[in-house]
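Residue numbering restarts at 1 for every chain, and letters A, B, ... go by the order of the sequence lines. Just so we're clear, the structure is a prediction, and the values are computed from it rather than from any experiment.
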Amino acid sequence: MIENLVIVESPAKAKTIERFLGKGYTVKSSFGHIRDLAKKNLGIDVEGGFTPKYIVPADKKKIVKELKSLASESQMVWLATDEDREGEAIAWHLFEELGLDEDKTRRIVFHEITKDAILNALDNHRHIDTHLVNAQQARRVLDRLVGFELSPLLWKKVKPSLSAGRVQSVAVKLIVEKEREIQAFTPKKYFRVIAKFSVPDGKGALTQLKADLSKRFDQLEEARAFLTKCQTSDFTIGAIEKKPMKKSPAPPFTTSTLQQEASRKLGFSVNQTMSVAQRLYESGKITYMRTDSVNLSKLAIGTAAGKIKGDFGEKYLKIRNFTTKSKGAQEAHEAIRPTYMDQSSVEGSRQEQRLYELIWKRTIASQMSEAQLEKTTISIMVSHAAERFVATGEVLKFDGFLKVYMESSDEEQEEEAKGLLPQVEKGNKLTRELIEATEKTSLQPARYTEASLVKKMEELGIGRPSTYAPTISTIQNREYVIKEDRKGIDREMVQLLLKGDSLSEQLIKEKYGYEKGKLFPTDIGTIVNDFLEQNFQNIMSFNFTASVEEEFDEIAKGGKDWPKMIERFYTPFHTKVNTATQTAEKSKGEKVLGEDPKTGKPISVRIGRFGPIAQIGEASDEEKPRFASLLKGQSLETITLEEALDLFRLPRTLGQFEEEELIIGVGKYGPYVRHKSKFYSLAKDDDPFTIELERAIEIIIEKRAQEENRNIKQFDEEPGLLILNGRYGPYISFNKKNYRIPKSKKPEDLTLEECREIIEKAPSRTKKK
DNA sequence: CAGTGAGCGAGCTTCCGCTTGACTT
């Protein structure tokens, strides 16, 4: 017999709570939801008032069985799932599925895992909130209807196995729209003028004063005219302005902000961040990592305050309470923070340590004083021109929270060495060292990274902390979106330089359009997006989620009947699905680019059976059309006639090498050189259309050298056992299996016995499926 | 490893939000 059975959602949480409650309490976890809609026939009886058909998924059978038997021998069952829509629903599903007795069941909630909070919860038990459960059912049913009616439509009209949904389709839309914004963007040229002056520092030496011209010139001639005026001008200090400024710390981490900062500061993908955080959570080092709350428990603030006072002193302490501002936040948990605020570092993998330290710093900083700065602005007058130069400097008067942490930003800003400015006074004359006017262009809109997409989704109220990372994976797995680096192009910019008496003009090189780890839409992503936009504008609108959330809130308050709400949505939606099924054309992104100058036949692009292709001629022609796949980085939307024609120039013969032809082509795995029926991949920088014979031969020779290096060692007694050099370093190959070599051993010194030992000891990979 | 691009049709794909492992590379 069990006195009290407490059920929570997470096993790590269960362990902690069991420790707090001690004897008389058995704490178990449900591992999240235990029931879901059946997958067959929508899992919803649409005609019968949208009645959901719930089943226990195969992987949840075991846990349900266990909980059921524990519940049956318990005197009291406490449903302690999270206090939000999903948590309430989990409690209800448990109640139903475990066949609990109303008199022997209590619903309790807490927002923080502290002894006080839990004991307090036990004293304040209540019943399951049916209205809140209904709001969850409405959410679940709506998502199922949208997803399971739109996806099959895409299978028919675009391509099998595609998917659409309330969240993922809008995420893709953000990326498609951003790309179009960038395509439509025309950079504006301007000239930025900077000057370097020298000033006596009062000790007989000179220091430098760097200043920006307050005006930017649109034309080269204007900039030249200004510099010419400067040639004969005097430069005098005008106004000097000093302004005190304050900087405040950012709130503690939520899932979204943690993903953003880990991406900016540590270079983690959102998946990486979540799995490292999961390990920290499971080992008890941080609080729960899927949260939208910025709230800290009193206990945490208390220990943080102690740590700050102890480490930095009283004046660094400032207790703050942050409030959540994100749309649709449900705040079932605390912010993400260290479990023990006095531990500034932990043991574990390098990644765990780095993420932990980030969390610790952010949390501690959130309870620290503002930083105080003094901003100085000096204006410098030019005797023969109306424009002024401005020099700005920032001096830190009190570091405050900056002692431990500074939030990063997504915008790549121009480096501005803002430091102390030299002591000058109004009326001082300055000596001109140099003035330069450099051509710049306005920045195009920034593409999304995984983390900045999460930020945007959170702003729009789309998705939840538990789904940000999976959604980002889904849209990449469906190949709607691809995460890529793009190398920039070098472009030449004009620079005017005034130094001494000479005014010179030169061209300088600048990298433009370099991108790292950015999200690009694929052709399929674009086509699916346009198809959905055309037919289902309401679901694709950015405030669809926000407006249904309002209705869910009303249901939760008891002011609305959920099946009726669903019906009002579903009736017109289903009609649109039917109409599109019958009338919409197949969407292949087809586009005619022009004519082939040789044959006069039309050249078009579209999605083919194996991806985007260019095509000369039509299927109905007597002669079969010619096909060529688009290259990586090209898209149906932006490819030009010339680029499409180029595709048909491959494969091409470059010349002879070792008395055999050398052919350049593009295959499944990218551009290659073919020689003596062997293939050699081109490097990233090589262009298959322009590559020359010499370079192609170089590639072949390089590859041969690499292959020669492959064999490190082999043994006459055991010819099947090889020590090889691979992509990930040296390894042992034996019987078609590969074995890792311990770092302590030098591969070239290994004996046959040692190799056999390594093979023996290797963990056997007996897999069963 | 380095092509392909037709059509038929059976049987499958798919959503969002809660949770962790058990897998392979």
Query raised in the report: Which is true for Ala164(A) with a 4.0 Å heavy-atom rule: it touches a base, it touches only sugar-phosphate, or it touches nothing?
Result: sugar-phosphate
Query raised in the report: How many Å lie between NZ on Lys40(A) and P on dC12(B), as a whole number?
Result: 9 Å
Report task. Determine the interplanar angle of the Phe544(A) and Phe569(A) rings, folded into 0 to 90°, and report it as parallel if under 30°, tilted if 30 to 60°, perpendicular if over 60°. Result -> tilted
**Report entry** Distance in angstrom units between Arg290(A) CZ and dG17(B) C1', rounded
**Finding:** 10 Å
Query raised in the report: Is Arg464(A) touching bases, backbone alone, or none of the nucleic acid, heavy atoms closer than 4.0 Å?
Result: sugar-phosphate
Requested in this report: Grab the NZ-P distance between Lys159(A) and dC12(B) for me, whole Å please.
Outcome: 21 Å
Report task. Would you indicate what Pro470(A) reaches in the nucleic acid, counting non-hydrogen atoms under 4.0 angstrom: base, sugar-phosphate, or nothing? Result -> nothing
Requested in this report: Take atom CG of Asp59(A) and atom C1' of dC18(B), then tell me their distance rounded to the nearest Å.
Outcome: 12 Å
Requested in this report: Give Ser163(A) one of three labels, base, sugar-phosphate or nothing, depending on what nucleic acid heavy atoms sit under 4.0 Å from its own.
Outcome: sugar-phosphate
Report summary line: Gln136(A) CD to dC16(B) P, in whole Å, measures 15 Å
Query - Protein proximity profile, nucleotides 2-11 of chain B - base contact B, sugar-phosphate-only contact S, no contact -, cut-off 4.0 Å on heavy atoms - result: BBBB------
Query - Tyr480(A) six-ring face occupied by Arg478(A) cation (under 6.0 Å, within 45°) - result: no
**Report entry** Proximal nucleotide (of dT20(B), dG17(B), dC16(B)) relative to the His33(A) side chain
**Finding:** dG17(B)
Requested in this report: Sort and list the pairs that fulfil ring pair (Phe, Tyr, Trp, His ring centres under 6.0 Å) and have at least one residue in residues 272-291 of chain A, not counting sequence neighbours.
Outcome: Tyr281(A)-Tyr288(A), Tyr288(A)-His333(A)
Report task. Pick base, sugar-phosphate or nothing for Arg140(A), based on heavy-atom distances below 4.0 Å to the nucleic acid. Result -> base
Query - Touch class at under 4.0 angstrom, heavy-atom based, for Arg626(A) against every strand present - result: nothing
Query raised in the report: Looking only at atom C1', what distance separates dG9(B) and dT13(B), rounded to whole Å?
Result: 16 Å
Query raised in the report: Given that both pair distances must be under 3.5 Å and the pair must be Watson-Crick or G-U, what runs of three or more consecutive pairs involve DNA chain B?
Result: none
Report task. Show your reasoning for whether ring pair (Phe, Tyr, Trp, His ring centres under 6.0 Å) applies to Tyr680(A) and His675(A). Result -> CA-CA 8 Å; Tyr680(A) 307 84; His675(A) 180 248; 7.1 Å; no
Report summary line: From CD of Glu149(A) across to P of dC15(B) the rounded distance in Å is 15 Å
Query raised in the report: What does Gln278(A) touch in the nucleic acid at a heavy-atom separation under 4.0 angstrom: a base, only the sugar-phosphate, or nothing?
Result: sugar-phosphate
Query raised in the report: With a 4.0 Å cut-off, would you call Arg85(A) and Glu549(A) a salt bridge?
Result: yes
Query raised in the report: Looking for any heavy atom pair under 4.0 Å, which part of the strands does Tyr288(A) touch: base, sugar-phosphate only, or nothing?
Result: sugar-phosphate
Report task. In plain terms, say whether Lys60(A) and Asp36(A) are close enough for a salt bridge, that is, a side-chain N and a carboxylate O under 4.0 Å apart. Result -> no
Query raised in the report: Can you list the steps and then say if Thr81(A) with Val8(A) is a side chain to side chain contact (heavy atoms under 4.5 Å, CB included)?
Result: CA-CA 5 Å; Thr81(A) 50; Val8(A) 296; over 6 Å; no
Query raised in the report: Less than 5.5 Å between centroids and less than 30° between ring planes, does Phe31(A) satisfy that with dT20(B)?
Result: no
Query raised in the report: Ring-on-base stacking between Phe148(A) and dT14(B), under 5.5 Å between centres and under 30° between planes: is it there?
Result: yes
Report task. Grab the CD-C1' distance between Glu282(A) and dT19(B) for me, whole Å please. Result -> 10 Å
Requested in this report: Classify the nucleic acid contact of Ile34(A) as base, sugar-phosphate or nothing, counting any heavy atom under 4.0 Å across all strands shown.
Outcome: nothing
Report task. Mind checking Val146(A) for me? I need base, sugar-phosphate or nothing, with any heavy atom below 4.0 Å counting as a touch. Result -> nothing
Query raised in the report: Can you tell me how far P of dT19(B) sits from CD1 of Ile7(A), to the nearest Å?
Result: 16 Å
Query - NZ or CZ of Lys173(A) within 45° of Phe542(A) ring axis and under 6.0 Å - result: yes
Report task. Answer yes when Lys601(A) and Glu618(A) have at least one side-chain N-carboxylate O distance shorter than 4.0 Å, and no when they do not. Result -> no
Report task. Could you tell me whether Arg35(A) sits above the aromatic face of Trp92(A), with NZ or CZ closer than 6.0 angstrom to the six-membered ring centre and within 45 degrees of the axis? Result -> yes
